[in-house]
Visitor: 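After the structure tokens below, expect a handful of questions from me.
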Amino acid sequence: MTNTADSPGLAWAEQMLRMRREREKIFGKHLFADPCWDMLLDLYVALRKGRVISVSSLCVAAAVPASTALRWIDILVKQDLVLREPDPKDKRRILVLLTRKAETQLDHLFEKLFQGSPASSEDAPSSENGSRAGKHEAQLALGANACAALQALAPTLCLLLDSARAELTEALRLTAHSNVQDSLGTKSGTGRRGSFLA
């Protein structure tokens with residue numbers, strides 16, 4: 001895995017993280033919760049800056065309860081997008097790293113989504129009309145690039161959603177089965193809850 005601080009994807013990932021945090025300040029954390037994407041962005045930035053992230057730090061970055069973040073980490077591991085490794089400096093900590101597959105997919109996404117470099121105020125045309133036209137053209141280009149990038153990322157997102165749906169279905173099945181068993185045990189007086197009635 002490469003540590004490339006001058007990667008164009010790094011600037012875009014950092015800008016996206018800043019935009020997400022600003023959006024949370026205005027609209028609240030839970031309206032736009034997307035823990036998987038937040039974690040992938042955070043891991044991508046860390047990789048490009050040569051840093052490592054522990055499981056607990058990644059859970060905080062996801063801006064959701066730790067149990068939710070841990071479930072998403074499990075899904076990302078199953079999809080071969082992240083891996084867990086013990087911290088060589090502190091065996092009590094577990095590190096989470098992007099796989100080469102995830103790094104390549106994110107590089108490809110940022111390349112398609114944001115051809116060029118993040119817009120700065122110095123890049124804006126000086127006249128008001130030129131500025132509006134330039135912004136409009138940039139928004140149209142960004143929209144077209146976003147559509148292309150999302151199409152490229154769609155298979156991975158579908159796999160993540162399918163995996164989450166399968167885990168949720170299994171959890172619901174187990175809960176329903178447990179509830180039926182509890183109910184049957186209570187009615188017959190032989191179950192866990194009803195055994196004292198006999």
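Quick caveat: nothing in here was measured; it's all calculated off a predicted structure.
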Visitor: Any non-hydrogen side-chain atom of Ile53 less than 4.5 Å from a side-chain atom of Leu43?
Guide: yes

Visitor: Taking 4.0 angstrom as the limit, do Arg48 and Asp107 come out as a salt bridge?
Guide: yes

Visitor: Under 4.0 Å between a Lys/Arg side-chain N and an Asp/Glu carboxylate O for Arg92 and Asp90?
Guide: yes

Visitor: Check whether any side-chain heavy atom of Asp74 lies under 4.5 Å from a side-chain heavy atom of Arg84, and answer yes or no.
Guide: yes

Visitor: With sequence neighbours excluded, what pairs up with Asp80 under the side-chain contact (heavy atoms from CB on, under 4.5 Å) test?
Guide: Thr99, Lys101

Visitor: Val55: which residues meet the side-chain contact (heavy atoms from CB on, under 4.5 Å) condition with it, sequence neighbours left out?
Guide: Cys59, Leu70, Ile73, Ile94, Val96

Visitor: Heavy atoms, side chains only, cut-off 4.5 Å: are Leu76 and Leu40 in contact?
Guide: yes

Visitor: What's the separation between atom CE in Met19 and atom CG in Leu41, rounded to the nearest 0.5 Å?
Guide: 10.0 Å

Visitor: Yes or no on side chain to side chain contact (heavy atoms under 4.5 Å, CB included) for Leu97 and Val82, after CA distance, side-chain angles and deciding distance?
Guide: CA-CA 5 Å; Leu97 307 165; Val82 303; over 6 Å; no

Visitor: Could I get the full list of side-chain contact (heavy atoms from CB on, under 4.5 Å) partners for Arg18, not counting sequence neighbours?
Guide: Glu14, Gln15

Visitor: Heavy atoms only: give me the nearest Tyr44-Glu103 pair and the separation to one decimal.
Guide: CE1-O, 4.3 Å

Visitor: Could you tell me the separation between the CG atom of Leu95 and the NZ atom of Lys89, rounded to the nearest 0.5 Å?
Guide: 9.5 Å

Visitor: Locate the shortest heavy-atom distance separating Ser54 from Arg93; write the atom from each residue and the value.
Guide: CB-NH1, 3.8 Å

Visitor: Hey, does Leu83 have a side-chain heavy atom less than 4.5 Å from the side chain of Val77?
Guide: no

Visitor: Taking side chain as C-beta onward, heavy atoms only, is Cys36 less than 4.5 Å from Leu81?
Guide: no

Visitor: Do you know which two heavy atoms are closest between Asp38 and Ala62, and how far apart they sit?
Guide: OD2-O, 3.6 Å

Visitor: Using 4.0 Å as the upper bound for N to carboxylate O, is an ion pair formed by Asp42 and Arg51?
Guide: no

Visitor: Using modelled atom types and a 3.5 Å cut-off, is there a donor and acceptor pairing between side-chain atoms of Thr104 and backbone atoms of Arg100?
Guide: yes

